[in-house]
There are 2 protein chains.
Amino acid sequence: MIVVKIGGTTGVNFDAVTTDVAVLIKAGQRIVVVHGGSGETNAISEQLGHPPQFVTSPSGFTSRYTDRTTLEIFAMVTSGKINTLIVERLQKLGVNAVGLSGVDGRLMEAKRKDAIRIIDPSTGKQRMLRDDYTGKIEVVNSALLAMLLDAGYTPVVAPLAISPEGDALNVDADRAAAMVAGAVKAEKLVILSNVPGLLRQFPDESTLITHIDKEKVEQSLEFAEGRMKKKVLGASEALQLGVAQVIFADGRVEQAVARALDGHGTVIS
Amino acid sequence: MIVVKIGGTTGVNFDAVTTDVAVLIKAGQRIVVVHGGSGETNAISEQLGHPPQFVTSPSGFTSRYTDRTTLEIFAMVTSGKINTLIVERLQKLGVNAVGLSGVDGRLMEAKRKDAIRIIDPSTGKQRMLRDDYTGKIEVVNSALLAMLLDAGYTPVVAPLAISPEGDALNVDADRAAAMVAGAVKAEKLVILSNVPGLLRQFPDESTLITHIDKEKVEQSLEFAEGRMKKKVLGASEALQLGVAQVIFADGRVEQAVARALDGHGTVIS
């Protein structure tokens, strides 16, 4: 079993990645696809007159502020558009894909971060922000995935989760992929984005780190820029959950998944 | 087994309908929910700068022109927003709902109307329109629905289908509900909208037709205004597929589904 995370980032070659996924599935590989969609959510939020808002924590981390309107736009874009397009594309390639989000069948249950401490940009002071619809996944209900896989379907998972109270939540797609990989006992988690892997000196691609010992993955956080931080955290979580190997690889190239499985990229094991 | 079609129309009381669906499911009823979303697709298409376009056939029928951009907006709104909100709401009510569109697992296969004859509004002459992503459902693959229902999930279906070539298509939600009802061998199909049923003199609600003999359903097309025509066609298809009873009922009231099952509305049997 392999979990493939396809970044929503511009530059990832969706057609090539899905073609590659289809080849592997037809060769008998069991695959679960997890995808993102933050970038496109931002673009459509702008078009809908509800531009994305970002908040900064006292420790300097920047994250999306997901009010209810943003949550609904995030659901539209990730679950309605990106998920449907990936499923459609896989169906064209003869793969019987089924799209899901974590709300469906309570596939991904998350704790809602219902009060987050931020720095108010107008005063520079700390304050609590309460109506945020973001969560951290705690449980993946793998029974639904197992049932679909056993029946010959390929699950394609959008990064929404559900709270114990039943609220849909925006979750980080890399960490969702990690939790899914752990839940389905995947041997490998391939995280594709628009860089060749973890770079010692971002953005110099010649400084690619080809291997990280699984015991030292947290230390490699120091090299992680921006969104790569979440990928490193995801990798760490997946390894803790028993996934043998996490590979950060280039999603812009042909045969991206096969190349990653051959060891191209940053292999953490 | 009952199939409940929830109109996307303004006025349908989503909270009351889903509450009622939850009560019935907890009482042991097996239900598949099918929903629409044309109205909200129109609104969001406008906001995204791609206003809905309608075309008129030589026989005077008006329908949506679904170019590829519109199809993607339709998928976003129906599968991403409306479907997610219904699943979220059912989850809050303790029902383990799973959202699907007809693209997932090839649930609904449709023949694409890839060339439609229209009256060109600028010339008044007939011409063929070719890049339309609309379809007529031919097959519902009930195995996926049966598997989910047997495992205790409640399927919630968005009105997208897939062509033999693997293209996602916009389909009429009333006729999708009819095809689903036939495929799952439902005893009853409840079609909720913002009117109390089929009216002899639309919009005079005192002229409600309370019963139509199943042999005479096509004749009742003469009373059907606008979107009600598709509902009558859907009813006719469902009855032909072996559904014993189709009920057009008021979705604006409390206990809409229970009332419909008690015979309030237009009962076709």
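Because the structure is predicted, anything quoted here is derived from the model rather than measured. Chain letters run A, B, ... following the sequence lines, proteins first and then strands; every chain starts at 1.
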Counting heavy-atom pairs under 4.5 Å with chain B, the top scorer among A/Leu148, A/Leu107, A/Leu93, A/Leu144 is A/Leu144
Honestly, the part of A/Ile162 sitting under 4.5 Å from a heavy atom of chain B is side chain
Counting heavy-atom pairs under 4.5 angstrom with chain A, the leader among B/Gly152, B/Ala97, B/Gly94 is B/Ala97
> Are B/Arg89 and B/Phe14 in a cation-pi contact, defined as NZ or CZ under 6.0 Å from the six-membered ring centre and within 45° of the axis?
Replying inline: no
Check your understanding: Would you say B/Gln47 has more than 12 foreign heavy atoms packed within less than 6.0 Å of its CD?
Key -> yes
**Q.** Residues B/Glu138, B/Arg175: salt bridge by 4.0 Å N-O rule
**A.** no
inquiry  = Using a strict threshold of under 4.0 Å (side-chain N to carboxylate O), is an ion pair present between B/Glu72 and A/Lys81?
reply    = yes
Applying a strict 4.5 Å limit to non-hydrogen atoms, the region of B/Leu160 in contact with chain A is side chain
Turns out that what part of B/Ala168 lies under 4.5 Å from chain A's heavy atoms comes down to both
Ranking A/Thr154, A/Val87, A/Val95 by heavy-atom pairs under 4.5 Å to chain B gives rank one to A/Val87
Applying a strict 4.5 Å limit to non-hydrogen atoms, the region of B/Glu165 in contact with chain A is backbone
From the list B/Asp167, B/Asp131, B/Asp132, salt bridge (Lys or Arg N to Asp or Glu O under 4.0 Å) partner of B/Arg112 resolves to B/Asp167
Whatever's closer than 4.5 Å to a heavy atom in chain B on A/Ala75 counts as both
Q.
Less than 4.0 angstrom from a charged side-chain N to a carboxylate O is my criterion; do A/Arg30 and A/Asp150 meet it?
A. yes
Note: vs chain B, highest number of non-hydrogen pairs under 4.5 angstrom among A/Leu90, A/Leu100, A/Leu85, A/Val77 is A/Leu85
Given B/Val156, B/Asn83, B/Asp104, the one with more heavy-atom pairs under 4.5 angstrom with chain A than any other is B/Asp104
* Can we say A/Asp174 and A/Lys230 salt-bridge, meaning some charged N sits less than 4.0 Å from an Asp/Glu carboxylate O? -> no
